[in-house]
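One structure is given here, and the rest of the page talks about it.
In the text below, chain A, chain B and the rest are named by the order of the sequence lines, each starting its count at 1. Just so we're clear, the structure is a prediction, and the values are computed from it rather than from any experiment. Quick note: numbers below take in every heavy atom, side chains included, and nothing from hydrogens, waters or symmetry partners.
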Amino acid sequence: MVKALAIFLPLLGAFINAWLPGKSPKASRVVSYLMLTAGLIAVIMLSIQLGAWNLRDLSDSVILSTGVGSPPLSINLEITAGGTLAAIVMYAATIFSLHRFALTTPKSQPLILALLTASLGLLFATDIFNSFVFLEIGSIVTIGLTAACKCGSRWEAAIKAALVSGLVTILYLLAVAVLYRSTGMLTLAALGNVSGASAVIVAILLLTVIVTEIKAFPLTGWGLDFYQGTSSIVAGLYSATWSLAVLLWAAKVLPLLPIGNPIIYAWIGAAGLVFSQLAGLRASSSGRIMGYSTSAYASLLLVAAGTTTGAFYTQTVIVLMIFSSIAKFSLFMLGNPEKKDQWSGFGTLLFLVPILLLAGIPPLPIFWAKFAFLAHLASGFPVIFYAVLAGLLLEAVYLFRFWSARSEKTGEKSAKRPSAVAAVLLMLLASVWITRMSWGALDFSGSIIESAGLRNIFHGLFAIGTLLCLPGVFNRIGREKSYWFWLLISGAALTILPAAGNGLTFYLLWEISAFAAVIGVSKGTAASKGTFWYAVFASLSGYLLLGGILLSKGSFAMAGVPAVLITIAALVKMGQFGTHLWNVRTYPAAPGTLPAFLSGTSSKAAVLLLVAVAVNSSSASLPWGRVIAWIGALTALGGAILAALAPDYKKMLAHASVSQLGYILMGLGLASILGWTAAIYHTIHHLIFKMALFLGAAGVLYRTGTTEFNNLGGLVKKMPWTFAFTLISVISFASIPPLAGFGSKWLLYNGLIEQGWLPVLIVGMFASVVAFLYSFRLLHGVFLGQLSPKNAHAKEAPLPLLIPQALLAMAIMVLGFKPTILLNFLVPVLEKIGLSGLAPVIQGDMVLTTMGTWNAWMVGLMVMGLFGFAFVFYWISGHKPKYVGQLDIGFAGEMPPSADEVHYSNNFFRPYQRALSFLPKIHAQKIFSGVNKTFNMLGDGVRALFTGDGRTYLAHSLIFLLLLFVFLNGGM
Amino acid sequence: MGNIVSIVLTILGALSWGLLLGGISRTVTARIHGRMGPRVTQNFIDMWKLFKKTSSIHHGGMFWMAPMFRITGAICVLLMVPLVIGNSITYNMSFAGDIFLVIYIMFFGCLGMALGAGNSGHPYAVIAVSRGLAQMSSYELSFSIAVVAIAVGLKTFRIEGIVEAQQAGILSWNIFRFPFASAGALIAFLPMQMAYPFGIVLAPQEIPIGPPTEYSSRFLSFMFSGRALFGTAKLILFVSLLFGGASNWISLLVKTFLLYMYPVVVSSVFPRFRTEQSIRFLWFVPTSLALVDLIRVML
């Protein structure tokens with residue numbers, strides 16, 4: 001009884017609605033809601049009965065027979081556990097979208113209920129002819145709904161759907177006829193009994209029908225036009241009911257087709273994924289973007305059908321299809337984003353969660369399915385694995401572009417639509433529930449990095465780095481939103497990261513941290529470009545990391561391709577060698593203290609990753625250590641030159657950050673104790689000074705509203721403390737003794753010379769002197785010189801920004817004067833992990849290597865003693881100069897007319913730039929636009945297939961059919 | 001205690017020697033130009049005069065502190081280099097660090113000077129700093145390569161060790177053992193001493209006297225003494241690196257005197273480069289020379 005109610009209540013509702021006089025919309029709505037609610041309860045009961053909630057075995061089922069005799073005269077439905085979950089989504093989507101339809105197309109209620117009935121029927125159909133009936137009903141209702149909606153290109157969309165539906169009908173009926181003639185049966189199971197020529201004909205006909213219906217590449221065209229043409233409400237309901245039903249029906253039929261080796265599905269899917277997502281890069285309207293995303297999931301379905309079987313296949317398909325449908329539903333329900341309606345706060349979150357879900361970001365449910373599925377592909381189908389990985393990366397790129405362009409806009413209440421709210425809540429809840437699937441357990445034993453000492457260093461760095469960014473988060477300017485929440489999440493994930501015990505846990509925390517920070521960046525003013533670049537590069541490094549982890553079966557003991565992939569992932573995260581573009585765009589755009597976190601703390605996750613790869617390798621070294629050291633050295637130099645020429649405070653710091661991370665790579669590439677000591681020392685040091693500098697920049701921005709050097713200068717009088725802390729950091733990163741920076745350079749140079757890597761050393765030393773250029777530019781550009789009248793009102797930065805800076809400056813002093821505190825801890829830890837080379841010897845305050853000596857304490861005493869003596873001597877000598885302002889200078893006997901006219905700032909190092917002019921101008925920007933252009937060209941090439949002409953789409957299906965025929969016939 | 005006495009004496013001696021050398025150079029330059037020139041003690045007189053001037057101005061904290069930075073940086077370099085080899089009391093603080101420390105601590109004074117110039121608010125001072133830093137980053141390249149070639153060749157970074165390795169006769173001096181590296185370092189020495197054709201920082205025709213444009217009276221006397229000290233320190237460093245160090249005081253004075261005369265003479269016969277010409281020259285010519293020895297050492 002419950003079974004029948006669950007399926008046929010909507011049908012009943014549709015009939016009642018159709019008979020109700022059109023003048024009582026209220027009554028018809030009440031009937032609809034009643035039927036739908038009762039049906040939903042019935043489906044939930046069924047799913048409980050079938051044990052769908054434990055997610056372990058989704059193939060339990062009950063049979064529902066109706067009518068007399070046997071199919072096709074009667075309708076036989078097999079209600080599976082997995083199917084009930086989909087049915088719940090369909091019911092819920094219909095209920096939630098009903099009121100929107102009531103507002104726009106009041107007479108559409110019978111159609112909506114009929115669509116749900118058709119969807120449920122198709123979902124559970126066991127008979128090939130029954131399926132045909134439901135397919136027909138669904139297609140016709142879709143066409144009707146589209147034609148009834150009030151949107152511009154509805155006829156175009158409806159006619160294309162009708163054309164395709166017509167073709168599908170012909171092909172399908174042909175297949176049915178052949179099947180019946182060959183086997184005398186029409187059940188789905190009978191598909192397995194056909195043989196010989198009939199089998200080929202049935203297989204190619206049905207495969208063409210399926211690929212067309214699920215809109216997988218290359219038969220995607222009509223789907224794109226349909227999503228673009230129909231109204232967003234119809235598209236939303238369509239994707240959560242009919243589209244989902246077709247996908248799951250296809251998932252049921254595909255394994256049964258008499259096609260020989262099902263791997264052909266995977267090849268069609270993998271190739272389709274890459275090509276369709278290339279084309280997706282060029283999509284701009286929300287409808288088409290959703291269309292391409294649909295195509296991506298349809299292709300994934302084909303790949304799954306070709307490579308997996310049994311319970312794993314069912315689970316993967318159910319989770320991927322159900323949640324992608326929910327995501328699309330909620331995005332469509334938010335309205336057409338290209339309209340200029342604007343959202344804020346909660347609205348942007350509603351928009352964001354589905355995007356993250358579609359992109360497979362943890363901990364949202366699709367992540368788990370994708371992770372397990374990709375792991376499966378990696379273990380047996382490497383080429384398909386790479387193709388799928390590439391396709392998913394491309395999908396992430398256009399999804400994030402869609403989101404970042406969107407996140408800029410503000411205000412509007414209509415975003416808080418109950419349907420979208422419900423969908424997002426469901427996605428978030430499902431994130432917890434999905435872990436019930438046995439897709440790999442999280443492990444926080446820290447076994448990736450055996451050395452507890454190393455782990456603790458990173459735990460401490462991440463925790464302290466996050467904490468120091470927190471006090472300043474409330475000193476926001478303009479419309480910077482509450483990014484603190486995302487900062488906190490990102491920091492928390494980072495803090496746990498060193499405790500990860502397997503690849504899954506590491507990847508999960510890595511992605512959470514990266515994408516929480518991406519969301520944080522999006523809260524900045526005018527941050528859409530920065531957000532997009534960060535999201536793209538975070539996706540790139542994420543997928544590379546994922547690829548590496550999965551190819552080495554989740555373990556970090558890796559060599560060869562996985563190790564290289566992971567190393568590149570770390571390099572991208574650190575913005576090395578050309579990938580610095582994301583740092584330079586993201587840090588200036590990020591709000592408040594977030595750049596300090598990103599540059600100072602978050603970038604160290606990449607160091608941790610490299611450390612993890614190295615300590616798990618046989619010789620405790622990275623693959624191609626020398627290449628890595630070279631990349632570090634060249635980035636250090638290039639970054640330093642770019643920083644010196646940067647016109648903006650935060651941009652300069654971003655370039656400088658990339659440059660300084662290069663030194664860490666030089667040390668790690670060495671794979672000797674000295675190299676690693678230098679690398680870890682510099683990791684700590686970089687965190688300290690870069691956070692102090694960015695916090696200082698946050699204070700300057702907060703008080704002056706600008707970070708352009710041409711608008712700054714002379715702030716030392718207004719912000720003496722910020723200046724003092726910045727000065728200490730600058731002296732430190734310029735490696736001038738007695739502060740902390742010298743130690744990292746000294747250790748590194750000793751390490752490089754010990755291994756005989758002199759060319760790397762020379763480039764590194766050159767980079768370190770070029771750093772003087774930008775260090776002075778920074779101090780002068782912001783704090784020294786003339787105070788612009790524009791900043792006359794500026795005050796000292798607020799305490800929540802100053803206190804962390806003070807602590808960091810103190811840390812620089814302590815580390816500079818007594819580096820042995822750190823070295824005494826670090827060197828024994830590193831000695832245990834099997835690195836080559838000799839450890840530095842520490843005798844009291846003296847550090848000795850085979851060739852060099854360094855006594856930081858004595859140097860510190862000498863410098864401070866001499867400075868103090870000079871100071872006191874001057875003081876007591878009784879010289880009392882009179883303070884005069886900056887404008888009172890020897891200026892050809894004149895008083896300069898205004899500060900702005902004598903402040904030397906614009907194009908500060910112009911002779912240096914002229915001297916550099918012999919170099920060919922290799923702009924990373926140009927390289928990336930080249931990459932972008934190439935991808936766009938490829939995308940345009942693919943897009944040329946989708947002409948927008950319905951006849952072309954019919955031709956596509958027929959050509960596809962012919963190709964299949966040639967291919968399969970040749971194969972047999 | 002002996003150490004402290006030695007340090008005090010070193011500072012005073014180096015200051016006097018630096019001022020005296022400056023006086024001599026003024027005379028030499030004048031004679032080359034066919035003038036009489038001032039007396040050799042003129043720099044002491046100037047220094048005293050500036051020190052005694054009471055009326056003066058300042059432009060802020062960093063302006064005030066820059067001369068202290070300058071002097072501190074200069075003395076630190078001076079104390080990190082052993083003066084007379086074999087006479088351990090004259091090693092001062094050289095035990096506390098090696099040649100890398102010396103290279104980097106040389107920047108301490110430069111940075112202080114730059115900060116003072118920046119705080120003065122005078123555009124000429126800042127232009128000079130911008131030029132100076134650009135040029136410094138260029139000559140440091142060849143100087144670093146030369147130092148690395150020598151240090152790796154001799155297998156020690158300790159200056160004391162480098163000097164000791166040159167004690168087996170004149171041919172064991174690094175200028176003969178590493179002729180290309182030495183040539184590179186000696187070309188880099190010219191801009192270090194702000195000598196022509198690299199004198200773009202103090203370029204008097206364009207930017208009166210560069211960074212200290214706004215400085216006067218006692219501040220300026222500090223600046224000048226810092227410069228004298230720093231000059232002497234660099235002389236001793238180069239003598240130790242390339243010319244076998246000094247085994248006694250006479251040798252120290254003679255070697256530093258001769259080395260000091262080298263930029264003075266070169267300076268008085270050359271015109272000045274434009275900034276970018278200077279930078280490019282320093283990137284290519286001395287660097288290529290020094291690289292020859294580096295490659296030799298690597299092989």
Locate the shortest heavy-atom distance separating Ser137(B) from Phe766(A); write the atom from each residue and the value. O-CE1, 3.2 Å
Chain B contact via Val716(A) - side chain, backbone, both or neither, heavy atoms under 4.5 Å: side chain
Checking Val129(B) against His780(A) for the side chain to side chain contact (heavy atoms under 4.5 Å, CB included) test, could you report, in this order, the C-alpha distance in whole Å, the side-chain angles of both residues, the deciding distance, and whether it holds? CA-CA 10 Å; Val129(B) 172; His780(A) 177 264; over 6 Å; no
Can you tell which part of Phe284(B) gets under 4.5 Å to a heavy atom of chain A, answering side chain, backbone, both or neither? side chain
Under 4.5 Å from any heavy atom of chain B, what part of Leu887(A) do you find: side chain, backbone, both or neither? neither
Is any side-chain heavy atom of Pro759(A) closer than 4.5 Å to a side-chain heavy atom of Met298(B)? yes
Quick one, Tyr883(A) and Phe63(B) - any side-chain contact, counting heavy atoms below 4.5 Å? no
Which word best sums up how the rings of Tyr874(A) and Phe222(B) line up, parallel for under 30°, tilted for 30 to 60°, or perpendicular for over 60°? perpendicular
Any side-chain heavy atom of Phe873(A) sitting closer than 4.5 Å to one from Met68(B)? no
With heavy-atom distances below 4.5 Å as the criterion, would you say the side chains of Pro123(B) and Phe891(A) are in contact? yes
Point-to-point distance, once rounded to the nearest 0.5 Å, from CD1 of Ile7(B) to CE of Met862(A): 8.5 Å
Select one option (side chain, backbone, both, neither) describing which atoms of Pro738(A) are under 4.5 Å from chain B's heavy atoms. side chain
Using heavy-atom distances under 4.5 Å, tell me whether Ile103(B) contacts chain A through its side chain, its backbone, both, or neither. side chain
What part of Ala151(B) gets within 4.5 angstrom of chain A, counting heavy atoms only: side chain, backbone, both, or neither? backbone
Would you please classify the geometry between the Trp64(B) ring and the Phe871(A) ring as parallel, tilted or perpendicular, with 30° and 60° separating the classes? tilted
To the nearest 0.5 Å, tell me how far His122(B) NE2 sits from Asp888(A) CG. 11.0 Å
CZ of Phe95(B) to CE of Met846(A), rounded to nearest 0.5 Å, is 6.5 Å
Segment of Thr156(B) engaging chain A (4.5 angstrom heavy-atom cut-off): both
Which bit of Leu916(A) is near chain B, if near means a heavy-atom gap under 4.5 Å: side chain, backbone, both or neither? both
Is chain B contacted by the side chain of Ser917(A), its backbone, both, or neither, given a heavy-atom distance below 4.5 Å? both
Ile105(B) side chain reached by Phe742(A) side chain, heavy atoms, under 4.5 Å: no
Which bit of Leu154(B) is near chain A, if near means a heavy-atom gap under 4.5 Å: side chain, backbone, both or neither? neither
Contacting moiety of Trp854(A), where chain B heavy atoms sit under 4.5 Å: both
Before giving the answer on side chain to side chain contact (heavy atoms under 4.5 Å, CB included), spell out for Cys76(B) and Leu866(A) the whole-Å C-alpha distance, their side-chain angles and the decisive distance to 0.1 Å. CA-CA 8 Å; Cys76(B) 285; Leu866(A) 288 169; 3.8 Å; yes
Check each atom of Met106(B) against the heavy atoms of chain A and say whether the ones under 4.5 Å are side chain, backbone, both or neither. neither
Determine whether His59(B) and Pro881(A) make a side-chain contact, defined as any pair of heavy atoms from C-beta on separated by less than 4.5 Å. no
Just wondering, do Val148(B) and Tyr749(A) contact through their side chains at under 4.5 Å, heavy atoms? no
Polar side-chain atom of Glu276(B) near backbone of Pro911(A) as donor-acceptor pair, under 3.5 Å: no
Which distance, rounded to the nearest 0.5 Å, do you find between the CD of Gln913(A) and the CD1 of Ile279(B)? 11.0 Å
Do the ring planes of Tyr104(B) and Phe772(A) sit parallel (below 30°), tilted (30 to 60°) or perpendicular (above 60°)? tilted
Would you find a donor on one side and an acceptor on the other, under 3.5 Å apart, between the side chain of Asn119(B) and the backbone of Leu784(A)? no
Phe918(A) versus chain B, heavy atoms under 4.5 Å apart: side chain, backbone, both or neither? both
Under 4.5 Å from a heavy atom of chain B, the part of Ala644(A) involved: neither
Rounded distance (nearest 0.5 Å) linking atom OG1 of Thr853(A) with atom CD1 of Ile99(B): 11.0 Å
Are any of the side-chain heavy atoms of Leu133(B) and Val769(A) separated by less than 4.5 Å? no
Working to the nearest 0.5 Å, report the span between CD1 of Ile762(A) and OG1 of Thr287(B). 9.5 Å
Where the side chain of Arg280(B) meets the backbone of Arg914(A), is there a donor-acceptor pair that is under 3.5 Å apart? yes
